[in-house]
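Worksheet: the structure to be examined is printed underneath.
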Protein chains: 2
Amino acid sequence: MELTDRKKQILKIVVEGYVATADPVGSKAIAEKMPGKISSATIRNELADLVEMGYLEQPHTSAGRIPSPKGYRLYVNELMEQHTLTAEETDSINSALTGKLAQVDQVVSQAGQMVSRFMGYPAYAIAEGRSDVTVRRFELIGVDEQSFIAVVMLSDSRVKSQLMQLQLSVDSRRLPEMGHLLNTHFTTIPAQEISLRLMNLSDQVEGSWFLLLHQVCDYACELLRQASGQSVFTGGTSQLLKFPEYRDVDKAQELMSFMVDSKENLPVPMGDSPMQILIGPENVNDALKESSVVIASYDIGDHMRGLVGVVGPTRMDYATVAARLSYFAESLSRMFGKPQLPTKEETQQ
Amino acid sequence: MELTDRKKQILKIVVEGYVATADPVGSKAIAEKMPGKISSATIRNELADLVEMGYLEQPHTSAGRIPSPKGYRLYVNELMEQHTLTAEETDSINSALTGKLAQVDQVVSQAGQMVSRFMGYPAYAIAEGRSDVTVRRFELIGVDEQSFIAVVMLSDSRVKSQLMQLQLSVDSRRLPEMGHLLNTHFTTIPAQEISLRLMNLSDQVEGSWFLLLHQVCDYACELLRQASGQSVFTGGTSQLLKFPEYRDVDKAQELMSFMVDSKENLPVPMGDSPMQILIGPENVNDALKESSVVIASYDIGDHMRGLVGVVGPTRMDYATVAARLSYFAESLSRMFGKPQLPTKEETQQ
DNA sequence: CTTTAGCACTCTTCTCTCTTGAGTGCTAAA
DNA sequence: TTTAGCACTCAAGAGAGAAGAGTGCTAAAG
């Protein structure tokens, strides 16, 4: 059977009607929205075809039609009109972002909540870890006889620091020397290597100083470990409850606790496309089989990517969500996409 | 009318029965749990008295009784038996805490979720800000011709650092000099003062270096601002849905969005008691009038306090929650209560 | 004066049935 | 191929009846 233009148009009306009201759409309502005068009977014939082809479903014999996942997919791929953002929409995204631009880390952890607020759906943000992060530089700053600050600069240009106690009172004038030792032996190597080399040094450095090195190296390893693990932040899960498809408390809780407790299993985009839409059963994870996810990725620093995703019922306003989310992701790319340190090439010019 | 021991005992049975099952408790069930043989008719007489006195309520004429807020209050004040934690309970709290002890900031932000997990109720954590935090020390570390690291040590012993770009290429050998300038002019003073003094310096320092000072001072002011504002973290709000009193999606959403969007209004303890229980209408906030809150506070650093709270239906297992929460708070006090830097007195001994 | 047994009464909850109305599928004519 | 007409289906809502838990009251017993 052929998928005529008229069939497509009917499908589009059904999707948009159902997205707007959550009620199955009947032939009469469709007839009114179709250009030209077509009777509801004709529409019914077409609807029957669309059901047969798998683009629509009927909840029961005497209800209107609702889109099937396949129907949504066709809608998203071909029928959906580009939603152009209003000034209001872009403004509210911009203003929220400009306030918080301080630190990359913070933005990622807040992105989930921000996205959720703008989209009106639960959302999440993932910063993918990189296993190739190393320490670029150590710095030790003496504070008093019993404490010092360890500053660690990572190869992804993030800087972390922590106050540390000295177990034994030692002459802080030797701190620069220890810093030098750290910089010569423990930079640009992976975490496992750090532990190894530290062991080798245990003979060459006297006890109390070795403890200091140990403390700093532990801290560095912890940072590298954190950098290599991906971090996931969810936000606005309670927005789920406003959708009729989650009025059933058990369904709502299933998805909510999935988003909170099994964050790590939230979908990440396959391939390189900057925006991806997963509809209902297209999701691998059981908890999402009746929901849809829209994902957009953005650049962080040099070669890193982060992603933001929106979760909702399959009856999601894909056009609006996709437009807003991609704008949001582009904004983040614009803010953090450029390397934070100028590269060698740029410096030379 | 007198509140006899027997009446109290009946009240206790009603509270504990209702807390366990969420069903109104009938006279027959009570009679079976009472020591000695007392008929259900006698119990009914007592129940009628307890209702008259305001300790119990009946949802409708032919249902059992449920405790009123006043009844819960009496239970909490007098009747509740101290719940002693099992080894399992303490172990799981300890093990979760020991893993994350790295940084105070992180613990506060994760405490909400951790508490929620252990209690089985939604929870929150607040770190109260202090307005008297100042910068104790600045440190500038050159990275390359166009960037440096600003390290700021605050008077509450926290250390923060950030990578900064230089607008103009300047000789980084003068960085220590700038650091010295910052340390002599901008430490131990409040944020407003920093802005003021910076203005005064604008003449004395040449343009590009002034920009650098500006950048660092802005960062410091932002940190002080953050330190003075209180931060609130909620966790496990989706746990609400498992309680029958929140099966009504609208009620659930009201409380959930209150906990997420109006975090700042979550109750803080009055007075000095380390543990506080607010039952139903005792809560000031409308959104909490039908819920209860258990709050415990703990020490951070020298003279600071943080707090953790649990939110749930008035039908809450107060004995268990109180015991676990106070243990949790005590553990945090133990970990962070001691000043992170030894005080002068300790050093001199 | 307190406790108890007995019994009618109340009120929720569950189930079953009936009604209503939206929407369909099919047929036959245009 | 389109349309009008009509019988049919099914969910949702309203009522009615039955079941069951628990009460309140009364009168007798301790």
Side-chain angles (χ1 to χ4, degrees), chain A residues 1-11 13-15 17-18 20-68 71 244-245 247-248, chain B residues 1-11 13-15 17-18 20-68 71 244-245 247-248:
Chain A
M1 197 175 311
E2 184 115 23
L3 190 63
T4 61
D5 278 351
R6 191 168 69 182
K7 284 195 172 60
K8 286 184 183 175
Q9 190 161 21
I10 291 175
L11 176 58
I13 291 172
V14 172
V15 170
Y18 185 62
T21 65
D23 284 323
V25 185
S27 55
K28 204 175 157 190
I30 297 172
E32 282 165 13
K33 290 193 183 171
M34 288 287 283
K37 288 212 169 173
I38 302 176
S39 81
S40 65
T42 312
I43 304 288
R44 279 202 288 282
N45 289 329
E46 298 281 52
L47 286 176
D49 291 348
L50 283 165
V51 170
E52 200 184 331
M53 287 190 277
Y55 294 107
L56 295 179
E57 295 170 353
Q58 359 183 213
H60 49 267
T61 329
S62 76
R65 306 303 207 286
I66 64 175
S68 68
E245 24 276 277
R247 298 294 293 191
D248 176 3
Chain B
M1 195 176 309
E2 184 115 24
L3 190 62
T4 61
D5 278 353
R6 192 168 69 183
K7 283 194 174 60
K8 286 184 183 174
Q9 190 160 21
I10 291 174
L11 177 58
I13 291 173
V14 172
V15 170
Y18 186 61
T21 65
D23 285 323
V25 185
S27 55
K28 205 174 155 190
I30 298 172
E32 282 165 13
K33 289 192 183 171
M34 287 287 282
K37 289 214 168 171
I38 301 175
S39 79
S40 65
T42 311
I43 304 287
R44 279 201 290 281
N45 288 329
E46 298 280 53
L47 287 176
D49 292 348
L50 283 166
V51 170
E52 201 183 329
M53 289 189 276
Y55 294 109
L56 294 180
E57 295 170 351
Q58 359 181 216
H60 50 267
T61 331
S62 77
R65 306 302 207 288
I66 63 175
S68 69
E245 25 277 275
R247 299 293 293 192
D248 176 5

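Labels below follow one simple rule: chain letters A, B, ... track the order of the sequence lines, proteins then strands, and each chain is numbered from 1. Remember, it's a predicted structure, so these values are computed and weren't measured experimentally.
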Quick one: A/M34 CE to D/dT3 C1', roughly how many Å, whole number?
15 Å
Gap between atom CZ of A/R44 and atom OG of A/S39 - 0.5 Å precision:
7.5 Å
Rounded to whole Å, the CD1-P distance (B/I43 to D/dA21) equals 19 Å
Taken to the nearest 0.5 Å, the spacing of B/I38 CD1 from B/Q9 CD works out to 7.5 Å
Of all the nucleotides listed (D/dT23, D/dG5, D/dC10), which has the minimum atom distance to the side chain of A/S62?
D/dC10
Would one find a side-chain N or O of B/Q58 under 4.0 angstrom from OP1 or OP2 of D/dG24?
yes
Counting only side-chain nitrogens and oxygens, does A/R65 get under 4.0 Å of the OP1 or OP2 atom of C/dT24?
yes
Determine whether B/D49 and B/L3 satisfy the following criterion, side-chain contact (heavy atoms from CB on, under 4.5 Å), listing intermediate values before the conclusion.
CA-CA 9 Å; B/D49 292 348; B/L3 190 62; over 6 Å; no
Partner of A/L56 by side-chain contact (heavy atoms from CB on, under 4.5 Å), out of A/V51, A/V25, A/I66
A/V51
Among C/dT12, D/dC10, D/dT23, find the nucleotide with the atom closest to the side chain of B/H60.
C/dT12
B/E46 CD to C/dT4 C1': how many Å, rounded?
13 Å
A/S27 side chain near C/dT24 phosphate (N/O to OP1/OP2, under 4.0 Å):
yes
Could you state the NZ-P distance from A/K28 to D/dT3, rounded to the nearest angstrom?
16 Å
Nucleotide of C/dT4, C/dT24, D/dT9 approaching B/S39 most closely (side-chain heavy atoms)
C/dT4
Measuring only between side-chain heavy atoms, which start at C-beta, is A/V14 closer than 4.5 Å to A/Y55?
no
Atom pair CG (A/N45) and CG (A/L50), whose distance is rounded to the nearest 0.5 Å
11.5 Å
Among C/dT12, D/dC25, D/dC6, which is the nearest nucleotide to the side chain of B/R44?
D/dC25
Picking from C/dC11, C/dT4, C/dG25, the nucleotide nearest the side-chain atoms of B/A41 would be C/dT4
Should we say atom NZ of A/K7 is surrounded by more than 12 heavy atoms from elsewhere, each under 6.0 Å from it?
yes
Pairing string, 5' to 3', for DNA chain C - Watson-Crick or wobble contacts under 3.5 Å, brackets [ ] where pairs cross, | to another strand:
||||||||||||||||||||||||||||||
OP1 or OP2 of D/dT3 under 4.0 Å from side-chain N/O of A/T42:
yes
Of all the nucleotides listed (D/dT3, C/dT10, C/dT3), which has the minimum atom distance to the side chain of B/N45?
C/dT3
